[in-house]
Colleague: 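Here it is, the structure, as structure tokens.
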Amino acid sequence: MRPEGAIFDLDGTLTDSMYIWDDAPRALVRRFGGRPPEDLARRIKEMGRREASEYMVKTFGLSCTADQVMEGVNDIVTVEYREKVPLKPGTDALLTRLAELRVPCGIATASEAFQARDAMVRLGQWGRFRFAVSCLQYGPKTAPGIYLEAARRLGGRPERTLVFEDALHAARTAKAAGFLVCGVYDPSAAEDQAELRALSDWYLPRLDDPEFLSRLQQTED
């Protein structure tokens, strides 16, 4: 079966950038007078940005508004995307193979769409994608809205569209919505790998996993 489209998460899937979401929330809590726990990133992992910002203001008694937290985090991560974040190993090989098969690709990210674009432009990969869509417009990845919108833009049916995700909660959502899930290993979610592997249609230790690329090579209409 030739896929009708491929939807990629950004952080931890296309880019080795989960460190941003470990560091930025703690930095903002400290900036506004709070004392963040080391596991803050895990506590807010499944929240949307506004929900996470409101949680931090309330939980740590910050001397700011949720909007100020959101703006502060956004400023930090924008610089990282534009200047620093690297591709995950194997990204170029997989995107090249999908391009050879003429499988259209898009990005569905919890980050801003422009941040995904800026990172991919700097890394020389933006031309491989038709668009980037953000959870800020289409809802968090605990609901399928962002995947359904991405599939609509790609012109693919969920049951013939690949979703590449490193986060277990996001993979669960895509699977429940009928997509073909490609679980991607990232060390930030090491404890979730057994469940991610069991849930996924394909589990990828790297994006250029030889067995997966071979299966793509053999796909037919």
Colleague: Checking Val184 against Phe8 for the side chain to side chain contact (heavy atoms under 4.5 Å, CB included) test, could you report, in this order, the C-alpha distance in whole Å, the side-chain angles of both residues, the deciding distance, and whether it holds?
Modeller: CA-CA 10 Å; Val184 179; Phe8 286 86; over 6 Å; no
Colleague: Just checking, is any N or O donor in the side chain of Ser111 or Tyr81 under 3.5 Å from an acceptor N or O on the other one?
Modeller: yes
Colleague: Are Phe129 and Ile146 connected in the hydrophobic side-chain network, where two residues link if heavy atoms are under 4.5 Å apart?
Modeller: no
Colleague: Please check: side-chain N/O of Thr96 versus main-chain N/O of Asp92, any donor-acceptor pairing under 3.5 Å?
Modeller: yes
Colleague: Please tell me if the side chains of Pro37 and Arg43 come closer than 4.5 Å, counting only heavy atoms from C-beta onward.
Modeller: yes
Colleague: State, to 0.1 Å, how close Val69 and Cys64 come at their nearest heavy-atom pair, and which atoms those are.
Modeller: CG2-SG, 3.5 Å
Colleague: Determine whether Thr15 and Pro86 make a side-chain contact, defined as any pair of heavy atoms from C-beta on separated by less than 4.5 Å.
Modeller: no
Colleague: Let me see the working for Lys88 and Asp16 under salt bridge (charged side-chain N to carboxylate O under 4.0 Å, His left out), right down to the final yes or no.
Modeller: CA-CA 5 Å; Lys88 287 283 287 284; Asp16 194 4; 5.8 Å; no
Colleague: Minimum heavy-atom separation for Asp166 and Ser188, please, with both atom names.
Modeller: OD2-OG, 4.4 Å
Colleague: Which hydrophobic side chains are connected to Val79, either touching it within the sub-4.5 Å cutoff or through other members that do?
Modeller: none
Colleague: Any idea which heavy atoms bring Ala24 and Ile76 closest together, and the distance?
Modeller: CB-CG2, 4.0 Å
Colleague: Test side-chain hydrogen bond (donor to acceptor under 3.5 Å, both in side chains) on Glu4 and Thr161; report intermediate values, then the result.
Modeller: CA-CA 5 Å; Glu4 294 178 350; Thr161 300; 5.0 Å; no
Colleague: Should Phe212 and Leu207 count as side-chain neighbours, where that means a heavy-atom distance under 4.5 Å?
Modeller: no
Colleague: Is it the case that the side chain of Arg160 and the backbone of Arg2 share a donor-acceptor pair, with hydrogens and angles ignored and the cut-off at 3.5 Å?
Modeller: yes
Colleague: Let's go through Arg215 and Glu211 carefully: what are the C-alpha distance in whole Å and the side-chain angles of both, what is the deciding distance for salt bridge (charged side-chain N to carboxylate O under 4.0 Å, His left out) to 0.1 Å, and is it a yes or a no?
Modeller: CA-CA 6 Å; Arg215 289 192 179 191; Glu211 181 179 354; 3.4 Å; yes
Colleague: With side chains defined as the heavy atoms from C-beta onward, is the minimum distance between Leu10 and Met120 less than 4.5 Å?
Modeller: yes
Colleague: Could you tell me which non-hydrogen atom of Pro144 sits nearest to which non-hydrogen atom of Ala177, and how far apart they are?
Modeller: CB-CB, 3.8 Å
Colleague: Do the side chains of Trp202 and Leu95 join up, straight or via other hydrophobic residues, at under 4.5 Å, putting them in one cluster?
Modeller: yes
Colleague: Looking at residues at least two apart in the chain, or sitting in another chain, which of them share a side chain to side chain donor-acceptor pair (under 3.5 Å) with Gln137?
Modeller: none
Colleague: If I compare all heavy atoms of Ala110 with all of Ser134, which pair ends up nearest, and what's the gap?
Modeller: O-OG, 4.3 Å
Colleague: Could you state the interatomic distance from CZ (Arg128) to CG (Leu98), rounded to the nearest 0.5 Å?
Modeller: 9.0 Å
Colleague: Determine, stepwise, if the pair Asp208 / Arg97 fulfils salt bridge (charged side-chain N to carboxylate O under 4.0 Å, His left out).
Modeller: CA-CA 9 Å; Asp208 60 352; Arg97 182 65 196 128; over 6 Å; no
Colleague: Are Phe164 and Trp126 in one and the same hydrophobic cluster, where Ile, Leu, Val, Met, Phe, Trp and Tyr link if side-chain heavy atoms are under 4.5 Å apart?
Modeller: yes
Colleague: Would you check if Gln115 and Val77 make a side-chain contact, meaning some heavy-atom pair closer than 4.5 Å?
Modeller: yes
Colleague: So do the side chains of Arg82 and Phe114 get within less than 4.5 Å of each other, counting heavy atoms only?
Modeller: yes
Colleague: When you compare the side chain of Ser53 with that of Met70, does any pair of heavy atoms fall below 4.5 Å?
Modeller: yes
Colleague: Step by step, work out the side chain to side chain contact (heavy atoms under 4.5 Å, CB included) result for Val29 and Leu40.
Modeller: CA-CA 10 Å; Val29 169; Leu40 178 57; 3.9 Å; yes
Colleague: What closest approach, in Å, do Ile20 and Glu80 show between heavy atoms, and which atom pair accounts for it?
Modeller: CD1-CB, 3.6 Å
Colleague: Fit a plane to each ring of Phe60 and Tyr55, take the angle between them on a 0 to 90° scale, and name the class: parallel (under 30°), tilted (30 to 60°) or perpendicular (over 60°).
Modeller: perpendicular
Colleague: Has the side chain of Gln193 got a donor or acceptor atom that lies under 3.5 Å from a matching backbone atom of Ala189?
Modeller: yes
Colleague: Would you check if there is a donor-acceptor pair between the side chains of Thr142 and Arg172 at a distance under 3.5 Å?
Modeller: no
Colleague: With the 4.5 Å side-chain cut-off for hydrophobic clustering, are Leu62 and Met47 part of the same group?
Modeller: yes
Colleague: Could you check whether any side-chain N or O of Lys141 sits under 3.5 Å from a backbone N or O of Ala108, counting only pairs where one atom can act as donor and the other as acceptor?
Modeller: yes
Colleague: About how many Å separate CG of Leu204 and OH of Tyr185, when rounded to the nearest 0.5 Å?
Modeller: 13.5 Å
Colleague: Could you list the residues that satisfy salt bridge (Lys or Arg N to Asp or Glu O under 4.0 Å) with Glu149, not counting sequence neighbours?
Modeller: Arg152, Arg153
Colleague: To the nearest 0.5 Å, what is the distance between OG (Ser200) and CD (Glu165)?
Modeller: 10.0 Å
Colleague: May I ask you to test the Ile7-Leu154 pair for a side-chain heavy-atom distance under 4.5 Å?
Modeller: yes
Colleague: Is Arg50 paired with Asp67 through a side-chain N to carboxylate O contact shorter than 4.0 Å?
Modeller: yes
Colleague: If Ile, Leu, Val, Met, Phe, Trp and Tyr residues are connected whenever their side-chain heavy atoms lie under 4.5 Å apart, and connections chain through other members, are Leu199 and Phe179 in the same group?
Modeller: no
Colleague: Is it true that Arg117 and Glu112 have a side-chain N and a carboxylate O under 4.0 angstrom from each other?
Modeller: no
Colleague: So, taking the atom named CG in Leu87 and the one named CG in Leu123, what distance separates them when rounded to the nearest 0.5 Å?
Modeller: 4.5 Å
Colleague: With a 3.5 Å distance limit and no angle check, can you tell me whether Asp39 reaches the backbone of Arg42 through a side-chain donor-acceptor pair?
Modeller: no
Colleague: Look at the side chain of Gln68 and the backbone N and O of Thr65, then say whether any donor-acceptor pair between them is shorter than 3.5 Å.
Modeller: yes
Colleague: State whether Arg122 and Glu83 are salt-bridged, where the test is any N-O pair (Lys NZ or Arg NE/NH1/NH2 against Asp/Glu carboxylate O) under 4.0 Å.
Modeller: no
Colleague: Working to the nearest 0.5 Å, report the span between CZ of Arg206 and CG of Leu213.
Modeller: 10.0 Å
